[in-house]
Amino acid sequence: MKRPLAALLLALAAAPTTATAASAIEEGKKLAFSVTKGNCLACHMIIGGEAFGNLAPPLIAMSQRYPDKKQLHKQIYDATVANPETTMPPFGRHKILSDAEIGKIVEYVWSL
Amino acid sequence: MPILNKMITTLSGVMLATALTAVEATTPEEDREQFVRYNTERFPNVPAEEFVNGAYAIDPIGRENWEAIEEFPPYEPFIEDGEAMWNTPFANGKGYSDCFPKGPAIAADYPRWDREKGMVVTLPLAVNQCRQAHGEKPLKYKKGSINNILSYIAYESRGEVTRVEIPADDPRALAAYEAGKKFYFTRRGQLNFSCANCHLQNSGNQVRSEILSPPLGHTTHWPVYRAKWGTVGTLHRRFSGCNENIRAKALKAQGEQYRNLEYFLTYLNNGQVLNGPGARK
């Protein structure tokens, strides 16, 4: 039971942020899986999802694909900027999801 | 490498879309040839006569269920009710055969360009024109008994070949076709899809667990008994459903836009054999 005090303090300090991050990821997952919100599974395979479609690339290793979370946010906000012919709905531009909701989905997708 | 294959097929979907909507005008016949080529190259293992069976031409599991369903076709009672409708005189003593002297095997004559009215006349519209000409109330265009008479006509028309004409001497007919084509390629709804995004660009791919059927064959088998509907419904009911799925407002069944869309889509299906009524999920 002898933990160095410094480590304990660090852990306590870190706890709130990791907890928020964890809950953002969890909320992001709910939004991504929800049929009325992100419905990402309609098109993308995501590990842990069911009955996913296959008309889009699987969402894996996303932190490597998108080292910059801002780029990931942009892709979800309006995929037609990168590819005018894309079938991916412009979630932000068409107000399917709010900016805050996209933010949470970004946290989730980035964790994949 | 499946991903690469997919990119190539997606790309050719885009190219087709670009070609079909290109600035330099293509003729309807050029569009149709391209459309057939696109479908047959995308699905090289599907025999030509199989496209009329929609997703069941490309999905072996769905096909098995469908073949079992077709053993006791769920649309049969509607054909029978439609036959009774055809044979029951209107209040004025006349009947459908006074409007359609050829008899009920007339599905291949529609949709057609009506020069006098300056509009596309579809079969459901012609049925109601007949009724109203004889003092009967028009039938609703998506649900209900219009599907009975249409089921009977479809059944009697089986084996006829789609042969939509765009009369060259009336530029309004070509304009109607072009309007339908524009509709097919225009994105709409909150989800921002065109018909082509799903049915050309992604045919054969899955949205959730739905396999998107090739659009060659989309017009041959109406009305359709859908398990989801629990009854038979019209082509325009399907158009509405596809529009609503992308959170677009469904347009009026038999309104000008859906009639022009039907004219375009059916023209592209010229040569396809009629096999209605159909059964789908």
Side-chain angles (χ1 to χ4, degrees), chain A residues 29-62 64-66 73-102 105 109 112, chain B residues 1-22 38 42 55 58-59 61-62 184-215 242-249 281:
Chain A
K29 180 178 180 178
K30 272 198 200 118
L31 290 164
F33 280 29
S34 155
V35 176
T36 52
K37 290 286 188 176
N39 199 16
C40 315
L41 292 169
C43 306
H44 292 278
M45 187 275 254
I46 300 178
I47 291 168
E50 279 172 9
F52 39 78
N54 66 1
L55 64 80
L59 296 180
I60 41 175
M62 293 315 282
Q64 284 165 46
R65 287 275 302 126
Y66 289 88
H73 196 286
K74 279 187 182 154
Q75 169 69 19
I76 300 172
Y77 185 88
D78 186 357
T80 65
V81 172
N83 173 14
E85 306 291 347
T86 189
T87 40
M88 176 157 156
F91 288 99
R93 180 164 62 86
H94 272 205
K95 302 192 166 38
I96 303 162
L97 297 168
S98 71
D99 245 15
E101 287 172 328
I102 294 175
I105 292 179
V109 170
L112 292 170
Chain B
M1 173 106 195
I3 300 264
L4 188 69
N5 281 341
K6 200 156 125 207
M7 283 180 67
I8 292 166
T9 41
T10 306
L11 195 70
S12 52
V14 172
M15 278 160 53
L16 178 75
T18 328
L20 284 180
T21 53
Y38 175 75
R42 196 171 166 92
I58 58 171
D59 167 20
I61 298 167
Y184 200 80
F185 287 97
T186 302
R187 291 179 186 259
R188 47 175 48 79
Q190 194 185 27
L191 300 185
N192 204 40
F193 284 91
S194 68
C195 312
N197 282 144
C198 284
H199 291 295
L200 280 174
Q201 201 177 344
N202 283 296
S203 52
N205 290 338
Q206 267 171 255
V207 186
R208 287 275 175 185
S209 40
E210 287 282 334
I211 296 184
L212 291 163
S213 55
C242 279
N243 271 168
E244 280 163 0
N245 284 344
I246 54 166
R247 302 186 193 162
K249 205 167 166 287
K281 269 208 293 202

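The sequence lines fix the lettering, A, B, ..., with proteins before strands; numbering per chain opens at 1. This one's a predicted model, so the numbers in the text were calculated from it and none came from an experiment.
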Distance col, row A:His94:NE2 vs B:Arg247:CZ, nearest 0.5 angstrom, shows 12.0 Å
Quick one: closest heavy-atom pair of A:Lys95 and B:Gln190, and the distance?
O-NE2, 3.1 Å
Between the main-chain N or O of A:Glu85 and the side-chain N or O of B:Gln201, is there a donor-acceptor pair closer than 3.5 Å?
yes
Counting heavy-atom pairs under 4.5 angstrom with chain B, the leader among A:Cys43, A:Ala42, A:Ala51 is A:Ala42
With rounding to the nearest 0.5 Å, note down the distance linking CD1 in B:Ile246 to OG1 in A:Thr87.
12.0 Å
For A:Pro89 and B:Leu191, the nearest pair of non-hydrogen atoms, with its separation, is CB-O, 3.6 Å
Contacting region of B:Leu212 [heavy-atom separation from chain A under 4.5 Å]
side chain
Minimum heavy-atom separation for A:Asn54 and B:Gln206, please, with both atom names.
OD1-N, 2.6 Å
Quick one: are A:Asn39 and B:Arg208 in side-chain contact, heavy atoms under 4.5 Å?
yes
Rounded to the nearest 0.5 Å, what separation is found between the OG atom of B:Ser203 and the CG atom of A:Leu55?
11.0 Å
